[in-house]
Protein chains: 2
Amino acid sequence: MELLSQIVISVNPKLYVKNPETSELGRKIIQQSILLIDEIGFEAFTFKKLGERIGSNESSLYRYFENKHKLLLYLTSWYWGWMEYRMVFETNNISDPKQQLLKAIEILTEKIKDDTSTQHINEAVLNNIIIFEFTKTFLTKEVDQENREGFFIIYKKVINRLVLMIQAAKPEYPFAKSLASSIVEGSLHQHFLKDHLKTITDCNDTQSPTHFYQHLIEQILK
Amino acid sequence: MELLSQIVISVNPKLYVKNPETSELGRKIIQQSILLIDEIGFEAFTFKKLGERIGSNESSLYRYFENKHKLLLYLTSWYWGWMEYRMVFETNNISDPKQQLLKAIEILTEKIKDDTSTQHINEAVLNNIIIFEFTKTFLTKEVDQENREGFFIIYKKVINRLVLMIQAAKPEYPFAKSLASSIVEGSLHQHFLKDHLKTITDCNDTQSPTHFYQHLIEQILK
DNA sequence: CAAAACTGAAAGTATTACTATTATATTTGC
DNA sequence: GCAAATATAATAGTAATACTTTCAGTTTTG
């Protein structure tokens, strides 16, 4: 589904030195970093390699992002901002709380296959990066400070929107927050297992994490 | 609860160059690496720092482990081996499938508070490391090869034991594997959120991840 | 008691993750 | 249209990381 030909997601300005959306080089950094991180993994990814790939000098990239960790936080924030936008846009015309919740879970847990929303961001590849790298962005010794600086605020907003939908569908359920965070993190995990540790998941080409979590929600709402 | 004063957990020999259980230096590496990784985090952890801490040379540590990633795989394998042992030991006298399942979930999701089983391994601190670092051991580009080499086999055995218990309690449930992997990974995640991103979990000092998952299982078994 | 195995000390290498400086190119504001 | 400001590129440099190698001394063991 085509939402808007050119959507703009705003990301915490503390994550960049210079806003990459304001120049050609900045957009190239975003576009190519997504592809390069997907290809070689975040550990092996360096600004030097990215510079070589886009025909730019390493030092120029440091004028946009302090370090590669901040760049990854930028990419993941953009992703969750985009997800929040889709979540609001695609559920606001559904009046039945249960149906709205099921739709939100579909949006949050399905694999992204298309690259439609923006020129320079390939959302399908970015989704792969989220599956592999998102968890690592907060499993660090700096998490408390970075949380205080608001680096995870968009992600928490997404979770809290899901919490509200769970509460609307079943007000007496006592673990709405834990359930919401479990679903979002858990679906990334199930996507990973489906591709790499198949023996400990039921998910495959015919049964997606979306089915698992929608089935789970049906049981809980009963 | 005291299981055995000296339990021995066997770990895939491919994970080490020389078995650390066979020498004083080896046991010191295990003991102090757990404490140091917990203190400074795995990213900042180096063999040089560990060497300084235990009064040994960096090069000596490389005679036990190829690199710090393998050392972390060793520690996490030991942990899951210990969990499997506890899971079997503490549930085999429970005949009711539902009660057995609830007990297994308790063991797998509760925070480890004591350090009772072994001389040189502090299980409570190791549990903290698992919460912070375990997910990162497989979210790498090398996961498929390392999986083929059997580096995650003990973890998969733990999940599969839980799968069998879910199936015994409710044979018609269609997502036993995904549920089992969700519970184990998810409880680590909930423990993390409880300490660092409190606004997106219901877990706290009075309500633990164990309560959340036991409540969830009750709903599913209905 | 000699050989083998283990440990420590020191030095060396390639890479990473930056920072600093200077030169050049491009944009913009008047 | 031109000066000033800004952006980018090129180069060099630094400290730390993640090892590897060599060699010497010490301990274990058959």
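What you see is a predicted model, and the numbers here were worked out from it, not measured in a lab. Lettering follows sequence order; numbering is per chain, from 1.
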S.K.: Provide, to the nearest angstrom, the distance between the CZ atom belonging to Phe65(A) and the P atom belonging to dA7(D).
M.R.: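 Taking CZ of Phe65(A) and P of dA7(D), I get 15 Å after rounding.
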S.K.: Ignoring the backbone of Tyr64(A), work out which of dT7(C), dA7(D), dA18(D) is nearest its side chain.
M.R.: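 For Tyr64(A), the side-chain atoms sit closest to dA7(D).
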S.K.: How long is the line joining NZ of Lys70(B) and C1' of dC19(D), in whole Å?
M.R.: 14 Å
S.K.: Using a strict 4.0 Å threshold on nitrogen-to-oxygen distance, state whether Glu21(B) and Arg27(B) make a salt bridge.
M.R.: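 No, Glu21(B) and Arg27(B) are not salt-bridged.
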S.K.: To the nearest Å, give me how far apart OH (Tyr62(B)) and P (dG12(C)) are.
M.R.: 18 Å
S.K.: Toward the 5' end of DNA chain C, which comes first, Leu25(B) or Arg63(A), by nearest nucleotide?
M.R.: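 Looking at the nearest nucleotide for each, Leu25(B) comes out on the 5' side.
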S.K.: Rounded to whole Å, how long is the line connecting atom CD of Glu24(A) with atom C1' of dT6(D)?
M.R.: 17 Å
S.K.: Between dT7(C), dC19(D), dA9(D), which one does the side chain of Asn67(B) approach most closely?
M.R.: dC19(D)
S.K.: Answer yes if the side chains of Glu110(B) and Thr210(B) hold a donor-acceptor pair under 3.5 Å, and no otherwise.
M.R.: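 There is no such pair between these side chains.
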S.K.: Go through residues 41-58 of chain A and report each residue with a non-hydrogen atom lying under 4.0 Å from DNA chain D, sorted by number.
M.R.: Gly55(A), Ser56(A), Asn57(A)
S.K.: For Arg53(A), is there an ion pair with Glu39(A) - N to carboxylate O distance below 4.0 angstrom?
M.R.: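 Here Glu39(A) pairs with Arg53(A) in a salt bridge, since their nearest N and O are under 4.0 Å apart.
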S.K.: Quickly work out the Lys68(B) NZ to dA16(D) P distance and round it to whole Å.
M.R.: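 Nearest whole value for this atom pair: 15 Å.
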S.K.: Do Asp202(A) and Lys194(A) meet the salt-bridge criterion of a basic N to acidic O distance under 4.0 Å?
M.R.: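 A salt bridge is absent here (no side-chain N lies under 4.0 Å from a carboxylate O).
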S.K.: Hey, which of these two, Ser59(B) or Ser23(A), hits DNA chain D nearer its 5' end, going by closest nucleotide?
M.R.: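 By nearest-heavy-atom nucleotide position, the 5'-most residue is Ser23(A).
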S.K.: Grab the NZ-C1' distance between Lys28(B) and dG8(C) for me, whole Å please.
M.R.: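 Going from NZ in Lys28(B) over to C1' in dG8(C) covers 13 Å.
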S.K.: Under 3.5 Å, is there a donor-acceptor pair between the His196(B) and Asn147(A) side chains?
M.R.: no
S.K.: Between Glu43(B) and Lys136(B), does any side-chain N to carboxylate O distance fall below 4.0 Å?
M.R.: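 Answer for the salt bridge query: yes.
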